[in-house]
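For reference, the structure discussed in these notes is given below.
Note on naming: letters A, B, ... go to the chains in the order of the sequence lines (proteins, then strands), and numbering restarts at 1 for each one.
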Amino acid sequence: MTVTVSASGLTLRYGGTAALDEVTLRLTEGVTGLLGPNGAGKTTLLRVLATAVPPDRGAFSVLGHDPSTTAGRQNVRRALGYLPQNPGFHPDFTAFEFVDYVAILKEMTDRGARHREVRRILDAVDLSEVRGRRIKRLSGGMRQRVALAAALVGDPGFLVLDEPTVGLDPEQRMRFRELIAQAGEGRTVLLSTHQTEDVAMLCHRVIVMAQGRLRFEGTPAELTAQAAGRVWSSAERDPAARAGWRTGLGTFRNVGDPPEGADLLEPTLEDGYLLTLDDASAEVAA
Amino acid sequence: MSTTWHVPEDDLRAYTAGELTAPRLWSADTHLAACADCRALLARLADPVALDAGWERLDAELDAPRRGFVESLMVRVGVADHTARLLTATPVLRRSWLAAVAAVLLMTVQATATVSPGRSPTLFLALAPLLPLAGVALSYGPVLDPTYEMGVVSPLHGFRLLLIRTVAVLTVGLGLNGLATLALPDYGLRALAWLLPALALTATGLALTPRLGPVVAPVLVGGAWIGLLLTADASGDGTLAPFTAAGQGVAGAVAALGAGLLYLVRDRFDTSTVRFTDFRQGGAG
Ligand SMILES: Nc1ncnc2c1ncn2[C@@H]1O[C@H](COP(=O)(O)OP(=O)(O)OP(=O)(O)O)[C@@H](O)[C@H]1O
Ligand SMILES: [Mg+2]
């Protein structure tokens, strides 16, 4: 697979905290998931890759363009679709007007062609019914889709999505996953999320961040495999477990280092993720 | 919709062939959108290809953004359609903002005319340059633009968008100031002494924005202007220094310098002028 986005040594500090600490990564076509606890630096990484803030140190390239030069940055932005974590809207705009506005910011100056593109995108995210409705009168999930439409307009080659599935009902979340999977065909998509199911269902690669650093990079299966032989069931919470919770079956599901003869369970991606984070913080403490 | 009138069959034929002209085309479009009978008739008369084109046009008309009054006016006087659209998203060009600015000007003019009739329009001259500065500062940056983060990474962002907005806000701001000046006929040309300071403050405020941020820069420049006036007031009598001939010369020079500096730092508007620190819900959110 050819590398479309690559970064090396990205570092960005906010006062005393290193929001990004020597992050080096490579992305290929398809959807890459970005997992990490609150404050891990996910949004900061996405903002840097989307050219919203320059890093203090380090370099990166997007689809062959170097964003540290003015011309290169312009080219990156022409190929970019960005859904921020808290997308803002002009509330008096209709869905159509808002996506149209973003299309103008993306340099689509021909009115007819632009309107056709806006209509196509609104159809794709199932908003054609409400395209004439003002954004302030749309539900949260619909607004999220308006923001996704704004990111998708103009057919960008690099999509940066910051927690797009937050606040959606399960049905909408499925619909969003379909849309993102579609978008991932022939494009590079970086998707930050707190939902391990998003990653399990959508992503061909996954990155785990904590405290500004990369903790894991690989396939979802490899992340799951981090927990192989480290998940077991017991009748009571096992004190040896790093984490344990009662399941619907009434037994405890423990992750960590199992005792001799434990009743091992099939690990999930979530187990692998939890253990990766736990290993990382144990490493910091040591 | 009334059922008494229907599109004449000849018109429908012309419509399907794409030959119906305005204003009959408009009545046909409007009526067809609402009348199933005429649509059925149309389908029978139509050659399918031309009909598709007709539907597409109808569809496009139905949900294309409606241009507001100001936007139509801009397009009418030759502003490009997409530029006009960008400007409608500039908060300080909205009616509520313009009304506020007009109200402030009105009060100042009134105060000027009653407090110091015939002497010097100092109060008005001191305030008028601050309004365009504030307008331009507010129409740029994350303070009032909810889509700032989405906009900052778009290829159009940066200096071009800044200039488009600045020119529009300045045109409106200076226009309002000009109207207010007309309400002070007693002072003649003296009442226009705000113009060069206004340009100087705006240019300097913008040029300092990449270094100081979108809040500190205009506040600092505005503060410096008020400080200057207070000093001038304390030290001299008669006309305040900025409004004398020499002061006007200096204001003109500062405006030119500010514009030059702004041009030099133009690339710095390309990335975020704030690290989202004062961006609402930004950062740890
Ligand atoms: N504008 C800012 N000013 C100061 N500190 C910031 C700013 N933005 C982020 N930080 C800090 O940088 C670190 C990383 O924040 P970031 O928003 O990237 O985390 P995140 O992984 O996106 O978290 P979440 O899952 O909560 O969205 C945090 O410690 C945060 O407090
Ligand atoms: Mg975040």
Side-chain angles (χ1 to χ4, degrees), chain A residues 12 14 19 38-39 43-44 47 50-54 67 69-70 73-98 100-112 114-116 118-119 122 128 131-132 147 150-151 154 160 162, chain B residues 56-57 59-68 71 75 80-91 93-96 142-161 164 266-277 279-285:
Chain A
L12 195 152
Y14 285 112
N38 290 135
T43 296
T44 308
R47 278 179 179 158
T51 74
V53 267
T69 67
T70 305
R73 191 160 52 236
Q74 190 84 348
N75 284 326
V76 171
R77 289 175 177 178
R78 290 201 171 107
L80 177 79
Y82 177 38
L83 173 69
Q85 183 163 359
N86 297 297
F89 301 98
H90 296 293
D92 284 327
F93 274 19
T94 64
F96 191 105
E97 285 173 325
F98 182 73
D100 189 50
Y101 171 74
V102 175
I104 292 172
L105 289 178
K106 292 188 182 181
E107 299 181 313
M108 285 175 227
T109 46
D110 182 87
R111 184 176 156 97
R114 189 177 70 237
H115 284 182
R116 266 196 301 284
V118 172
R119 231 171 280 129
L122 287 174
S128 26
R131 62 190 169 200
V160 176
D162 202 348
Chain B
E56 194 165 301
R57 194 185 56 242
D59 195 36
E61 286 312 313
L62 285 178
D63 62 14
R66 300 254 175 288
R67 290 195 182 117
E71 199 182 344
V75 173
D81 143 78
H82 48 96
T83 308
R85 206 89 261 283
L86 280 181
L87 291 175
T88 54
T90 306
L93 290 182
R94 297 237 183 82
R95 226 172 304 157
S96 49
V143 187
L144 278 187
D145 186 353
T147 60
Y148 182 76
E149 197 176 359
M150 248 185 253
V152 80
V153 301
S154 70
L156 185 102
H157 191 82
F159 201 58
R160 258 188 300 166
L161 187 55
I164 292 174
R266 65 189 181 281
D267 282 352
R268 304 266 310 266
F269 284 93
D270 211 37
T271 43
S272 174
T273 48
V274 272
R275 274 194 165 185
F276 299 99
T277 30
F279 179 65
R280 38 165 231 148
Q281 298 171 52

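Across A:R77 and B:P155, no two heavy atoms sit closer than the pair O-CD, 3.6 Å. A:Y101 and B:T147 get closest at one heavy-atom pair: CE2-OG1, 4.0 Å.
Residue A:A151 does not touch chain B at all, counting heavy-atom pairs closer than 4.5 Å.
To the nearest 0.5 Å, the span separating CD1 on A:I104 from OG on B:S154 amounts to 11.0 Å. Rounded to the nearest 0.5 Å, atoms CG (A:L83) and CE (B:M150) are 6.5 Å apart.
With chain B as the partner, the residue from A:T70, A:T109, A:D92 showing the most heavy-atom pairs under 4.5 Å is A:T109. Most heavy-atom pairs under 4.5 Å with chain B: of the set A:K106, A:E107, A:M108, this distinction falls to A:E107.
Using a 4.5 Å cut-off on side-chain heavy atoms (C-beta onward), A:Q85 and B:E149 make no contact. Using a 4.5 Å heavy-atom cutoff, the side chains of B:D81 and A:R114 are in contact.
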(request) Check the pair A:V160, B:V153 against side chain to side chain contact (heavy atoms under 4.5 Å, CB included), reporting the backbone distance first and the verdict last. (result) CA-CA 11 Å; A:V160 176; B:V153 301; over 6 Å; no
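Geometrically, B:R85 does not engage A:F96 in a cation-pi contact, judged by NZ or CZ lying under 6.0 Å from the ring centre and within 45° of the ring axis.
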